[in-house]
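We number each residue from 1, following the sequence as shown.
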Amino acid sequence: MKTDTAMTRKENTWGWVFVAPAVVLISVLVFWPMIQALFTSFQTGTGEMTWVGFQNYMDLFKDTTFKTAFVNTFLYLIIQVPVMIVLSMLISVLLNDKNLKFRGFFRTCIFLPCITSLVAYSIIMKGLFATDGTINQFLMALHLIKEPIGWMTDPFWARVLIIIAITWRWTGYNMIFFLSGLQNIDPSIYEAADIDGTSAWNTFFQITVPMLKPIILFTAITSTIGTLQLFDEVVNITGGGPADATLSLSQYIYNLSFKYTPDFGKAAAVSFVIVICVVILSTIQLKVGNDD
């Protein structure tokens, strides 16, 4: 017993030795900056910071640019996330069919956008959706439109472009999780459904969707967090324009810190608004997802 106890203590000691560097690095590089940012959100100034309490948060209610960025971000969230999750689930079901030829090729093609260079991806999108770009020419050739759509000059179509861009880039990423979930479903369940004469439609909604519930919940939460932090696509494709029509909260934080007259306190306040939204929405999704 003494030997076992000594070994257990020794293992615990060595365990802490190996874990300690990671704990220190995470604390110094992640948690401490978060605490500093929280304190900064209650201050104002660029050099000597002055404590103003909740004034930065109160000012956000009167800030029209913040309201625009907030509405834009939630617009992307409520439209793009459901569309992307449904698309990735349907595509994963199609690509999980054992009778489908070149499955690996199709999976690679759909997954490829999320590992494509952001600069290259943005240039492609701007080229495709330019006024004289491929998309407008294609739509006009099909006589679906009479004149080119201003994808980057019209506020409505600029938002549509951002939603299309995010969906194109991240659908393949979520598809991987759904494929993993589908491959862990016992094939005998589908065989029993076939024997019972269940239609493909009913099989999908009564077997596949319920069995993929944990994956749906996971992708919904991660996609929500990612969309609330949307920055790269907006900055590189539309620059937040036209007239802040596509501005996101994360880009507004960048503008407050580095583009406008620096206001790090207000920028930190906006960042914690995102944190609060993430916590609230994730909690709601977990409650709904675990409600059996």
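Atom CD1 in I91 sits 12.5 Å away from atom CZ in R107 (nearest 0.5 Å). Put simply, CD1 on I274 and OH on Y252 are 12.0 Å apart, with the number rounded to the nearest 0.5 Å. One distance of note links CD1 of I123 with NZ of K126; it measures 8.0 Å at 0.5 Å rounding. From T227, atom OG1 reaches atom CG of L281 across 10.5 Å, with rounding to the nearest 0.5 Å. In this structure, the separation between CG on D244 and OG1 on T64 is 8.5 Å, given to the nearest 0.5 Å. Separating the CZ atom in F138 from the CD1 atom in I135 is a distance of 8.0 Å, to the nearest 0.5 Å.
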Working for side chain to side chain contact (heavy atoms under 4.5 Å, CB included), residues E233 and Y121: CA-CA 9 Å; E233 286 80 0; Y121 149 67; 3.0 Å; yes

Check step by step if side chain to side chain contact (heavy atoms under 4.5 Å, CB included) holds for Q55 and T44. CA-CA 9 Å; Q55 189 60 47; T44 188; over 6 Å; no

When you look at L94 and F106, which way does the side chain to side chain contact (heavy atoms under 4.5 Å, CB included) test go after all the steps? CA-CA 10 Å; L94 293 173; F106 291 126; over 6 Å; no

Given the rule in the side chain to side chain donor-acceptor pair (under 3.5 Å) test, do Q285 and T224 qualify, once you have shown the distances and angles that lead to the verdict? CA-CA 10 Å; Q285 289 171 332; T224 296; 2.9 Å; yes

CA sep, side-chain torsions, deciding dist, call: F204, M89, side chain to side chain contact (heavy atoms under 4.5 Å, CB included): CA-CA 10 Å; F204 177 75; M89 183 161 48; 4.3 Å; yes

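Few gaps surround OH on Y190; more than 12 heavy atoms of other groups in view lie less than 6.0 Å from it. Within a 6.0 Å radius of CD in Q183, other residues, nucleotides and ligands contribute more than 12 heavy atoms. Environment of CH2 in W32: sparse, with no more than 12 heavy atoms of neighbouring residues, nucleotides or ligands closer than 6.0 Å. More than 12 heavy atoms of other residues, nucleotides or ligands shown are found within 6.0 angstrom of OH on Y76. Crowding of K67 atom NZ: a count of heavy atoms from other residues, nucleotides or ligands under 6.0 Å exceeding 12.
Ring centroid separation for the pair W170 and Y173 comes in under the 6.0 Å cut-off. Between F231 and Y254, the distance separating the two ring centers is shorter than 6.0 angstrom. Ring centroid separation for the pair F66 and F61 does not come in under the 6.0 Å cut-off.
Remark: F218 pairs with F177 by the ring pair (Phe, Tyr, Trp, His ring centres under 6.0 Å) rule, at least two apart or across chains. In this structure, D194 has no salt bridge (charged side-chain N to carboxylate O under 4.0 Å, His left out) partners at least two apart in sequence or on a different chain.
Linking Ile, Leu, Val, Met, Phe, Trp and Tyr residues whenever their side-chain heavy atoms come within less than 4.5 Å places F105 and L112 in a single cluster. With hydrophobic clusters built from ILVMFWY side chains whose heavy atoms lie under 4.5 angstrom apart, W201 shares a cluster with V93. Hydrophobic clustering (side-chain heavy atoms under 4.5 Å, transitive across Ile, Leu, Val, Met, Phe, Trp, Tyr) groups M140 together with W157. Linking ILVMFWY side-chain heavy atoms closer than 4.5 Å, directly or via other members, places F205 and I189 in a single hydrophobic cluster. Residues F74 and I85 fall within the same hydrophobic cluster, defined by Ile, Leu, Val, Met, Phe, Trp and Tyr side chains chained together at heavy-atom separations under 4.5 Å.
When all heavy atoms of I162 and I237 are compared, the closest pair comes out as CD1-CB, 4.4 Å. The two residues N56 and A269 have their closest heavy-atom pair at CB-CB, 3.9 Å. Residue V81 comes nearest to A220 through the heavy atom pair CG1-O, 4.5 Å, listed as atom of the first residue, atom of the second, then distance. Residues P82 and L77 come closest through the heavy atom pair CD-O, 3.5 Å. Between I164 and F129, the shortest heavy-atom contact is CG2-CZ, 4.0 Å. For the residue pair P242 and M152, the shortest heavy atom distance occurs at CD-O, 3.8 Å.
Between K266 and D63 a salt bridge is recorded (basic side-chain N to carboxylate O distance below 4.0 Å).
A donor-acceptor pair is defined here as one N or O able to donate and one able to accept, closer than 3.5 Å; such a pair exists between the side chain of N236 and the backbone of D232. At least one donor-acceptor pair under 3.5 Å links the side chain of N72 to the backbone N or O of L247. For Q137 (side chain) and D132 (main-chain N/O), a donor-acceptor pair under 3.5 Å exists by modelled atom type. A donor-acceptor pair under 3.5 Å links the side-chain atoms of T222 to the main chain of T219, judged by distance alone. In this structure, the side chain of R169 engages the main chain of P113 through a donor-acceptor pair within 3.5 Å. Side-chain atoms of S250 come within 3.5 Å of backbone N or O of Q229 as a donor-acceptor pair. Under the 3.5 Å distance criterion, the side-chain polar atoms of T246 are matched with a main-chain donor or acceptor of G241. Between the side chain of N202 and the backbone N or O of A193, no donor-acceptor pair lies under 3.5 Å. Formation of a donor-acceptor pair under 3.5 Å by the N96 side chain with backbone atoms of L179 is not found in this model. Proximity of a side-chain donor or acceptor of D154 to a complementary backbone N or O of F156 within less than 3.5 Å is detected.
With no hydrogens or angles considered, no side-chain donor-acceptor pair links S88 and T171 at under 3.5 Å. For the residue pair D186 and S188, a side-chain donor N or O sits within less than 3.5 Å of a side-chain acceptor on the partner.
Counting heavy atoms from C-beta outward, Q43 and T50 have side chains that stay 4.5 Å or more apart. Within the 4.5 Å cutoff, the side chain of I216 has heavy atoms near those of the V209 side chain. Between F70 and V273 there is a side-chain heavy-atom pair separated by less than 4.5 Å. Between T73 and L230 the shortest side-chain heavy-atom distance does not fall below 4.5 Å.
Applying the ring pair (Phe, Tyr, Trp, His ring centres under 6.0 Å) test between F42 and each of F272, Y57, F264 identifies Y57 as the sole match.
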